[in-house]
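These notes concern the structure reproduced below.
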Amino acid sequence: MASGRRQYPFHLIEPKWQQCWDKLEAFRAWNPGETPPAGHPFSLRHKSTKPEQLPKYYILDMFPYPSGAGLHVGHPEGYTATDILARYNRSKGKHVLHPMGWDAFGLPAEQYAIKTGQHPRKTTEANVATFKRQIQALGFSYDWSREVDTTDPEYFRWTQWIFLKLYNSWFNPETKRAEPIDTLKYPSELSADQSPEGDARRRAFRDNRRLAYVTEAPVWWCEQLGTVLANEEVVDGKSEVGGFPVMRKPMRQWMLRITAYADRLLEDLNCIDWSHSLKEMQRNWIGRSEGAQVDFTLQGHSEKVRVFTTRPDTLFGATYLVLAPEHRLVEQITIPSQRSAVEAYKTAVSKKSDLERTELAKEKSGVPTGAFAINPVTGNAIPIWIADYVLISYGTGAIMAVPGHDTRDFEFATLFNLPVLQVVQPTGTQEWRGFVDDGFAVNSANAQLSLDGLPTQEAKSKITTWLETQGFGKKMVNFKLRDWLFSRQRYWGEPFPIVWKRDAEGNLFHEALPESALPLLPPILDDYKPTPDGQPPLARARDWVQLPDGATRETNSMPQWAGSCWYYLRYLDPRNANEFCSPAAESYWMGTTAPDSGKPTPGVDLYVGGTEHAVLHLLYARFWHKVLFDLGCISTREPFYKLVNQGLILGEDGQKMSKSRGNVINPDIVLDEYGADAFRLYEMFMGPLEMTKPWNTKGVEGVYRFLGRVWRLFVDEQSETDYEQNSTAEPARALEFFDSIRLHAGIQDVQPAADQLKALHACIKKVTEDLDNMRFNTAISALMIFINEALAWQTRPVSILKDFLTLLQPFAPHLCEELWKRLEMGGAQMAESAVTSMGYMAWPGFNPELLVEDTIEIPVQVNGKLRDVVKVPATATAAEIEAVAQSSEKVQQFLAGKTIKKVIVVQRKLVNIAAA
RNA sequence: GCCGGUGUGGCGAAAUGGCAGACGCACAGGACUUAAAAUCCUGGGGCCUUAAAAAGCCGUGUGGGUUCAAGUCCCACCACCGGCACCA
């Protein structure tokens, strides 16, 4: 630990500049139509250019949930990367939008409320204050005037407004987009229905097609948390939060029809710049699979069993059917002698915990129903079983089993001695039994149809066409993606702007509140627990729930995802009281009217956050975005054009940081010891942004020393020593002594020497290229190389130092502002007036001519092994280089007694002599 | 099992098919100091030799291949990390 003396007085520098930026609103982004004040650094840089005439750069962090524990070192990793790029782009002349806010609804504040009775608002406010303090201490260039908080009524009124949009829309399969619910036409028999129930039927028709709809479905209920959880919030049969047991329970729930967008969510991945693996995760989650549905007639029943298969080409090999135990036909078709066995099996399955049911190496189980179906191509009667390896929630909840060519079916058939037929011939020499890949169809012919000899793909399309013409089935696409369970039984979330009423017949129905009723605030409670009969906490507020006209309010609330689904849009126009966002702000920042728009970047230019949101948040936000796009509220199809995941930061022991391991690094302590600039620099120097990497406090010391060397390049050693001694003696006057530190005597306003220019321009080139590719670690190493060289200079030209500070500024903004200021003042006393921000200094360009060397060193290899390095003029021709290389003494030694077969000369790079 | 990613010194890492290990940490030696800290300078892949060196050989998870030349490209494996997981 670097105890004692500081490398440089960061403790005086950093707060000073943070206050200065804050006072100036230095990093405020201006919406179209706004005019920055004349003295603002933006105006100084861009003169009379209107903000909206500049190319925009929208750079976004995943906003944090402000937990009571405060920031950990993982948060600032992404934030530092985006801040560096925000500052870099500002310096390059872009108009940068870089906002921050709080995803502040959520369980911890509510559970704290249950324990202590403290209103979650209080807890939330305290946590937000801590987070904000910690984030601001890092000197990030956020536009704090755009700060949003999902729990602010002025924010969540628009979350509720978007919900109303979803509620009041349906997905038109013909146009493949969302449309207002009024455009949904009733079928003629419904519109003609004059009966008393007509209205109710029409209502039901609409309600079943809304993008937000109600269903009575078994959901994951967690007793301890007192709420239902979404599928994805249940991990290994336990709640993701807290690890409590969960059970299935039928409840009335709100759902969002994300499945309608499955195809578009998949398709549009092709037009955004996300990592391959992230796109794959989304593709897997959506899980599109193409195949066919096939109807099997039942012996002795008029009903048919519909199955979904991706391998219709194997239909001749289907030797039995399997229904999910919950399938609706099971009841009907089970023969009396099998009834008790079937019932017993169903009970056993329903009793199984979901952990057991999804157990990996579990042995297959099932029972026959005694019923038979007819294979439409062979005409054979095949038995119908039930088994829990078939899921009710996927496809049609029923499968045709082809044990010859499906691993699961093969396992099942082996266990129960069911017939296994070969219908696919492998291309190689593999065993056909259990062969699941593409091959050639065999044993697949009847009087009307033959697939024999066809490759799998052709066989699939041939039989699908045949099935369709015969009326036995058709092409079908299935998705793993399920509709989004959108209600929670919680207090600390957005209430639904929905009321429930009864019609004349006594049927319960729901109705949306008008937009004018927003925001709908949650009621004041003194107990935040669910009611004893399992009603959500909101149900405790009788007066709130019960409306004067007899209607009752919906008592569910929205999940935490809701607020984070659209916050990037609210940042664009966060104080707008009339709209969720003005069209002018939206079209400018989301890129549709950017002035440099040869190709406008659609959406957020760069979004950085953790992989933990790879599917859920990113899929939900894309879904909402598309709905808003369809309804004409916004102008882009996708919200986030480029997305990068930062890697995890591990503890010093290489383990994941956790309280229980005691390896958590507290940023406050690091900041105290080394300052914000060193902290930022270290987070970026550790390695590539996207990699997982361990924390190492010694490494912080390394970059801290580097900043100390930067400081010493600029300041006079004696005056620094004086400052140290004086401020130790009289700490109260530290600032005064600090201001009288003089510049280094070598700093002069002179023409730089050639080697100085070369060092600078090599650095400019490397840092620029690295920032363009988000290679922060190597950019920092280039800055270090420059400093190592510059420290040896007697004369330190001001122009060189200024350019260097401009390069370092995105990484270590506080130190750079301070040194810049001192250069500007020429060593005079620091003045409070005329503060500007370096953040707007133009990024230096590099001159490649300055980097040209007169003589270059060329490695010479013999048979691929390095034998010598020769110096040649940079202008040497290949022949000249070859001559020099061959005449080298060392090379001669290795050529002795050998014949040269070939000489490879790579201009300016290398010579390799092949000899034998 | 499937999908994606990663394997390079004691450690974090760097390298458009062209001198492997930039930069930093740790370590060692030296300067400054009464001494220490801080700072500055120098040296560090391994092996084999040697008083020290030079020279030589070997080295990017393993085994093959392409090439004048492979950390980088191709094939087959192994290990670790992340995601999904009876999705028909």
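Order of the sequence lines sets the chain letters (A, B, ...), proteins ahead of strands, with each chain counted from 1. The figures here come from the full heavy-atom set of this structure, side chains too, leaving out hydrogens, waters and symmetry mates. Remember, it's a predicted structure, so these values are computed and weren't measured experimentally.
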Short side-chain donor-acceptor distance under 3.5 Å, [Y] and [X]:
X: A:Trp711; Y: A:Glu720; value: yes
X: A:Ser289; Y: A:Asn478; value: no
X: A:Thr611; Y: A:Asn645; value: no

Worksheet entry | For B:rG44, glycosidic torsion class - syn if within 90° of 0, otherwise anti |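 It is syn.
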Discussion item. Just confirming the chi classification of B:rG7, syn or anti, using 90° around 0 as the syn window.
Written reply: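 Base orientation relative to the sugar is anti.
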So if I take every side-chain heavy atom of [X] and compare against [options], which nucleotide ends up nearest?
X: A:Ile399; options: B:rC84, B:rA88, B:rC57; value: B:rA88
X: A:Val869; options: B:rC40, B:rC19, B:rA88; value: B:rC19
X: A:Pro688; options: B:rA13, B:rC3, B:rC84; value: B:rA13
X: A:Asn912; options: B:rC57, B:rC68, B:rC19; value: B:rC68
X: A:Thr309; options: B:rC19, B:rA88, B:rG83; value: B:rA88

Worksheet item: Can A:Lys364 be said to sit on top of A:Phe412's aromatic six-ring, NZ or CZ under 6.0 Å from centre and within 45° of the ring axis?
Response: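 Judged by the rule (NZ or CZ under 6.0 Å from the ring centre, within 45° of its axis), A:Lys364 is not positioned above A:Phe412.
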In the structure shown, which nucleotide is the Watson-Crick or G-U wobble counterpart of [N], with both distances under 3.5 Å?
N: B:rA13; result: none
N: B:rC2; result: B:rG83
N: B:rC48; result: none
N: B:rU8; result: none
N: B:rC19; result: none
N: B:rC40; result: B:rG30

Item to complete: In whole angstrom, give me the gap between the P atoms of B:rA35 and B:rU49.
Response: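 My reading of the P atoms in B:rA35 and B:rU49 gives 41 Å.
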Worksheet item: On a whole-Å scale, what distance lies between the P atoms belonging to B:rG18 and B:rC11?
Response: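 My reading of the P atoms in B:rG18 and B:rC11 gives 26 Å.
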Worksheet item: Across the strands shown, which category fits A:Lys865 at heavy-atom distances under 4.0 angstrom: base, sugar-phosphate, nothing?
Response: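 It contacts sugar-phosphate atoms only.
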Discussion item. Taking A:Arg775's backbone N and O only, do any of them form a donor-acceptor pair with A:Asn773's side chain (distance below 3.5 Å, no angle check)?
Written reply: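 Looks like no, no N/O pair under 3.5 Å.
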Item to complete: Return yes if some donor-acceptor pair links the side-chain N/O of A:Asn663 with the main-chain N/O of A:Lys656 below 3.5 Å, else return no.
Response: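 Answer holds: yes.
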Worksheet entry | Lys/Arg-Asp/Glu bridge criterion (N-O < 4.0 Å) met for A:Asp313, A:Lys460 |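 No salt bridge links A:Asp313 with A:Lys460.
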Fill in: Check: A:Asn284 side chain, B:rC84 base, donor-acceptor under 3.5 Å
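A donor-acceptor contact between them is absent.
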Taking only side-chain nitrogens and oxygens of [X], does any of them come within less than 4.0 Å of OP1 or OP2 of [N]?
X: A:Lys902; N: B:rC68; answer: yes
X: A:Gln7; N: B:rU39; answer: yes
X: A:Ser289; N: B:rA88; answer: yes

Worksheet item: A:Gly397 or A:Pro694: which one's nearest nucleotide on RNA chain B is closer to the 5' end?
Response: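 Mapping each residue to its closest nucleotide by heavy atoms, the 5'-most match is A:Pro694.
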Worksheet item: How do A:Arg775 and A:Arg712 order along RNA chain B: which one's closest nucleotide is nearer the 5' end?
Response: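 So the residue in question is A:Arg775.
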Listed pairs under 3.5 Å, donor-acceptor, residues 315-324 of chain A side chains, sequence neighbours left out:
{"unit_1": "A:Thr319", "atom_1": "OG1", "unit_2": "A:Pro419", "atom_2": "O", "d": "2.9"}
{"unit_1": "A:Tyr320", "atom_1": "OH", "unit_2": "A:Asp409", "atom_2": "O", "d": "3.1"}

Discussion item. Please encode protein proximity along nucleotides 21-32 of chain B as a string of B, S and -, counting only heavy-atom distances under 4.0 Å.
Written reply: -BBSSS------
